[in-house]
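To start, the structure itself, in structure tokens.
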Number of protein chains: 2
Amino acid sequence: MTKSRKPTPPPCPVTYALEIFGDRWTLLVLKDLILEARYRYKDLMAANSGLATNVLADRLKRLEQRGLIEKTRDPQDGRQFVYLPTGTAIGLIPMLVEMIAWSARQGVSQVPPEFLERIERDRAGLIADLTEQVERNLEAHRAIGG
Amino acid sequence: MTKSRKPTPPPCPVTYALEIFGDRWTLLVLKDLILEARYRYKDLMAANSGLATNVLADRLKRLEQRGLIEKTRDPQDGRQFVYLPTGTAIGLIPMLVEMIAWSARQGVSQVPPEFLERIERDRAGLIADLTEQVERNLEAHRAIGG
DNA sequence: CTGTATCCTTAGGGATACTG
DNA sequence: CAGTATCCCTAAGGATACAG
């Protein structure tokens with residue numbers, strides 16, 4: 001045998017989180033699923049230049065196993081699928097928002113100025129609004145015929 | 001030529017953040033530096049089982065180049081160094097707190113119950129307290145003779 | 001369109017020996 | 001103690017062809 005990997009369950013919450021989305025693509029996909037309402041395979045592919053088909057398929061599978069997304073039929077087109085974030089994934093909104101805010105403070109453009117302004121002034125409200133928005137998006141995509 | 005890598009500067013704030021700490025170790029090191037007040041090489045090594053010396057050295061170098069930490073003489077022992085988080089790094093506290101809170105909500109033990117309770121009830125206060133605590137730790141380590 | 005299946009390359013990182 | 005320097009190896013991931 002090759003020197004068995006330590007299967008020690010992660011005691012550290014940061015380690016735990018990194019095990020789920022601490023790679024090159026997973027968090028980007030989650031961001032698309034949660035904040036950009038990209039629920040379809042092709043949309044996720046189109047949004048992430050450089051992402052390979054096998055990698056996306058793998059990440060979606062893992063996220064489903066971990067309970068962060070649900071794979072269901074597209075009500076608008078029964079031949080397609082939609083990947084919808086679960087409550088667990090939606091719970092990542094505060095962390096994503098803080099990450100985006102930090103990058104914005106470092107000078108990353110592409111962040112709407114009103115976003116940064118709002119988060120400094122009314123973070124709780126912003127997060128509440130975003131969460132509500134996501135819920136509405138999901139509702140629309142669950143409704144048959146949309 | 002091998003098909004030149006796109007040097008496109010990252011327009012996405014999540015991508016930007018991941019470029020800095022989107023690997024297996026950097027965020028763990030940052031957590032130690034920021035929340036655990038581990039400022040010395042040996043402490044960082046001891047805290048992260050499996051971390052190799054060359055990898056830690058590399059991460060510290062990158063973080064210094066990126067302006068997230070400052071390498072200075074240890075005032076308590078002029079032969080040693082201390083790596084102190086800068087304001088930029090301290091600005092990651094909200095994100096780290098949200099990440100930890102999310103993991104705790106997923107059932108990760110090792111998170112003090114009062115932490116989770118506090119963040120739900122008084123997030124702003126918790127973050128303010130943590131930030132203040134960090135500032136005090138840094139002050140103590142900057143003072144000569146400590 | 002939504003994946004699977006391969007193949008192949010590379011960067012990340014583990015182990016270890018060694019230096020100031 | 002605080003790194004540097006190697007060596008090596010594996011897992012992650014890019015490219016592409018193909019299948020349901």
Side-chain angles (χ1 to χ4, degrees), chain A residues 1-8 15 18-30 32-33 38-66 69-84 141, chain B residues 1-8 15 18-30 32-33 38-66 69-84 141:
Chain A
M1 49 171 57
T2 58
K3 190 69 162 305
S4 64
R5 292 278 111 232
K6 297 175 186 173
T8 312
T15 301
L18 291 180
E19 278 185 5
I20 297 178
F21 50 77
D23 71 296
R24 186 168 171 181
W25 291 111
T26 302
L27 197 60
L28 291 169
V29 170
L30 280 170
D32 285 339
L33 287 164
R38 297 198 179 100
Y39 301 137
R40 293 180 188 78
Y41 194 91
K42 70 170 176 212
D43 296 330
L44 294 167
M45 282 298 295
N48 297 89
S49 154
L51 176 56
T53 63
N54 53 346
V55 173
L56 176 57
D58 175 75
R59 294 310 120 92
L60 291 173
K61 197 169 295 177
R62 288 197 210 183
L63 287 173
E64 194 185 2
Q65 287 169 349
R66 290 282 198 171
I69 60 177
E70 247 182 304
K71 179 179 183 175
T72 64
R73 292 271 163 204
D74 185 343
Q76 325 228 359
D77 179 355
R79 299 164 309 180
Q80 288 197 208
F81 292 101
V82 283
Y83 301 88
L84 303 180
H141 276 262
Chain B
M1 52 168 59
T2 57
K3 190 69 162 305
S4 64
R5 295 275 112 237
K6 297 176 184 171
T8 313
T15 301
L18 291 180
E19 278 185 5
I20 297 178
F21 49 78
D23 71 296
R24 186 168 170 184
W25 293 110
T26 302
L27 198 60
L28 291 170
V29 170
L30 281 170
D32 286 338
L33 287 164
R38 297 196 179 101
Y39 302 138
R40 293 179 188 78
Y41 194 90
K42 68 171 175 208
D43 296 331
L44 294 167
M45 281 299 293
N48 297 89
S49 153
L51 177 57
T53 62
N54 53 346
V55 173
L56 175 57
D58 175 74
R59 293 311 119 91
L60 291 173
K61 198 168 292 176
R62 288 197 210 183
L63 287 174
E64 194 185 1
Q65 287 169 351
R66 290 284 199 169
I69 60 178
E70 245 182 305
K71 179 179 184 175
T72 64
R73 292 271 162 201
D74 184 342
Q76 326 227 357
D77 178 355
R79 299 165 310 182
Q80 287 198 210
F81 290 102
V82 283
Y83 301 89
L84 303 180
H141 276 264

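Computed from a prediction, not measured in an experiment: that's the story for all the values here. Here is the naming used below: chain letters follow the sequence lines, and residue numbers restart at 1 for every chain.
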I want to verify a distance call: between [options], whose nearest atom is closest to the [X] side chain?
X	options	answer
B:Trp25	C:dG14, D:dC1, D:dG3	C:dG14
A:Asn54	C:dT6, C:dT4, C:dT2	C:dT6
B:Tyr83	D:dA2, D:dG14, C:dG14	D:dA2
A:Ala52	C:dT4, C:dG13, D:dG14	D:dG14
B:Arg24	D:dG3, C:dG13, C:dC1	C:dG13

Please give, in whole Å, the distance from [N] [atom2] to [X] [atom1]?
X	N	atom1	atom2	result
B:Asp77	D:dA2	CG	C1'	12 Å
A:Arg79	C:dT2	CZ	C1'	12 Å
A:Ile69	C:dT2	CD1	P	13 Å
B:Asn48	C:dG12	CG	C1'	16 Å
A:Arg73	C:dC1	CZ	C1'	12 Å
A:Phe21	D:dA12	CZ	C1'	19 Å
B:Leu56	D:dT4	CG	P	10 Å
A:Asp23	C:dT10	CG	P	21 Å

May I ask you to verify if any side-chain N or O of [X] is less than 4.0 angstrom from the OP1 or OP2 atom of [N]?
X	N	answer
A:Arg59	D:dG13	yes
B:Lys42	D:dG3	no
B:Lys71	D:dG3	yes
B:Lys61	D:dG3	no

* Is there a donor and acceptor pair closer than 3.5 Å between the side chain of A:Thr53 and the base of C:dT4? -> yes
* **Pairs involving residues 47-56 of chain A, ordered by first then second residue, that meet salt bridge (Lys or Arg N to Asp or Glu O under 4.0 Å) (sequence neighbours left out)** => none
* Asked: Salt bridge between A:Asp43 and A:Arg38, side-chain N to carboxylate O under 4.0 Å?
  -> no
* **Ion pair check, A:Arg24 and B:Asp23, cut-off under 4.0 Å** => no
* Asked: Got a sec, which residues hit salt bridge (Lys or Arg N to Asp or Glu O under 4.0 Å) with A:Arg73, two or more places apart in sequence or on another chain?
  -> none
* **Residue that, paired with B:Val82, satisfies side chain to side chain contact (heavy atoms under 4.5 Å, CB included) out of B:Asp77, B:Ile69, B:Thr72** => B:Thr72
